[in-house]
Amino acid sequence: MELPWHLYLMAIMYIVAGLFHFYKPKAYLNIMPPYLPKPKALVFWSGAAEIVLGIGLTIQQLKNISIYLIVCMLILFIPIHVFMLQSEKASKGVPKWFLWIRLPLQLILIWWSLYYLQY
């Protein structure tokens with residue numbers, strides 16, 4: 001079965017997001033809650049995960065497991081979004097309304113991922 005073009009769009013989105021973890025690691029380090037251990041390692045591994053899972057979306061045999069892992073990753077990222085809402089330093093001047101929108105956006109991204117289980 002041929003995968004839909006919009007699945008490739010999602011894959012590109014995760015690959016690019018993952019690459020930014022390596023291109024601008026300081027931006028990601030600034031949003032890491034202080035209670036999480038080894039923030040540099042978390043930035044590295046979350047970026048690597050986004051790249052690998054984005055690629056996995058484009059391979060039929062890996063698509064479903066990549067989807068489930070992306071959903072887990074999106075859930076794990078929720079505390080970071082909440083921390084950005086709570087910390088002026090972490091939000092770096094990003095408007096509060098935008099930070100509030102990011103929380104339900106996580107749910108939309110989860111739904112969008114799960115949608116592709118049917119292909």
Side-chain angles (χ1 to χ4, degrees):
M1 173 186 278
E2 190 173 315
L3 299 173
W5 67 269
H6 34 91
L7 179 63
Y8 291 99
L9 177 66
M10 177 185 276
I12 290 168
M13 180 185 75
Y14 283 108
I15 292 166
V16 169
L19 288 171
F20 267 91
H21 283 70
F22 299 99
Y23 180 66
K24 295 276 187 183
K26 188 171 181 171
Y28 294 92
L29 285 169
N30 288 336
I31 65 172
M32 293 300 266
Y35 56 82
L36 293 177
K38 302 190 185 222
K40 285 183 182 180
L42 290 173
V43 168
F44 173 85
W45 287 112
S46 61
E50 285 183 315
I51 294 166
V52 169
L53 295 174
I55 293 168
L57 289 174
T58 67
I59 301 168
Q60 185 68 49
Q61 298 86 341
L62 300 176
K63 179 184 65 70
N64 286 355
I65 189 69
S66 295
I67 288 169
Y68 286 121
L69 292 172
I70 285 171
V71 168
C72 291
M73 183 178 65
L74 290 169
I75 292 168
L76 289 172
F77 287 170
I78 290 173
I80 294 167
H81 296 302
V82 171
F83 176 68
M84 287 184 73
L85 271 166
Q86 297 171 334
S87 168
E88 286 295 320
K89 182 182 174 192
S91 64
K92 286 250 180 180
V94 176
K96 287 276 187 202
W97 63 266
F98 182 77
L99 296 173
W100 277 107
I101 288 173
R102 288 179 66 194
L103 289 172
L105 180 61
Q106 290 296 100
L107 299 175
I108 293 167
L109 290 172
I110 289 169
W111 172 84
W112 188 24
S113 299
L114 293 172
Y115 172 80
Y116 293 109
L117 289 173
Q118 66 182 318
Y119 289 98

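What you are looking at is a predicted structure, and each value in this text was computed from that prediction instead of being measured. Heavy atoms only: backbone and side chains are in, while hydrogens, waters and symmetry mates are out.
Applying the salt bridge (charged side-chain N to carboxylate O under 4.0 Å, His left out) definition to pairs two or more places apart or across chains, those involving residues 79-88 are Glu88-Lys96. Sorted by first and then second residue, the ring pair (Phe, Tyr, Trp, His ring centres under 6.0 Å) pairs involving residues 53-86 (not counting sequence neighbours) form an empty list.
Interatomic distance, Thr58 OG1 to Leu3 CG, rounded to the nearest 0.5 Å: 8.0 Å. If you take CG on Leu103 and CD1 on Ile78, they are separated by 7.5 Å, rounding to the nearest 0.5 Å. One distance of note links CG of Leu74 with CH2 of Trp111; it measures 14.0 Å at 0.5 Å rounding.
Closest approach of Ile31 to Ile80, counting heavy atoms only: O-CG2, 3.5 Å. The shortest non-hydrogen separation linking Lys92 to Lys89 is CG-O, 3.3 Å. Taking all atoms of both residues into account, the shortest heavy-atom contact from Leu99 to Ser91 is CD1-CB, 3.5 Å. Across every non-hydrogen atom of Ser113 and Ile67, the tightest pair is O-CG2, 3.3 Å. Here the closest non-hydrogen pair linking Met13 and Leu109 is CE-CD2, 4.0 Å. The two atoms that bring Pro33 and Pro79 nearest to each other are CG-O, 4.2 Å, heavy atoms only.
By the side chain to side chain contact (heavy atoms under 4.5 Å, CB included) test, Glu2 is found to be paired with no residue, residues two or more places apart in sequence or in another chain being considered. For Ser46, the side chain to side chain donor-acceptor pair (under 3.5 Å) criterion is met by His21, not counting sequence neighbours. Every residue meeting the ring-ring contact (aromatic ring centres under 6.0 Å, His included) condition with Tyr23, not counting sequence neighbours, appears here in chain and number order: Phe20. Considering only residues two or more places apart in sequence or on other chains, Trp97 meets the side chain to side chain contact (heavy atoms under 4.5 Å, CB included) condition with Pro95, Ile101. Applying the side chain to side chain contact (heavy atoms under 4.5 Å, CB included) test to Leu42 and every residue at least two apart in sequence or in another chain returns Met32, Leu36. Under the side chain to side chain contact (heavy atoms under 4.5 Å, CB included) criterion, Ala27 pairs with Lys24, sequence neighbours left out. The salt bridge (Lys or Arg N to Asp or Glu O under 4.0 Å) test applied to Lys38 returns no partner, not counting sequence neighbours.
Val52 and Phe44 fall into different hydrophobic clusters, where Ile, Leu, Val, Met, Phe, Trp and Tyr are joined by side-chain heavy atoms under 4.5 Å apart, directly or via other members. Leu85 and Leu76 fall into different hydrophobic clusters, where Ile, Leu, Val, Met, Phe, Trp and Tyr residues are linked whenever their side-chain heavy atoms come under 4.5 Å apart, directly or through other members.
Annotation: side chain of Leu57 is in contact with side chain of Ile70 (closest heavy-atom distance under 4.5 Å).
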Output a table of donor-acceptor pairs, distance under 3.5 Å, between side-chain atoms of residues 5-12 and any protein atom two or more places apart or on a different chain; print 'none' if there are none.
from	atom 1	to	atom 2	distance (Å)
His6	ND1	Tyr116	OH	2.6

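More than 12 heavy atoms of other residues, nucleotides or ligands shown are found within 6.0 angstrom of CZ on Phe22.
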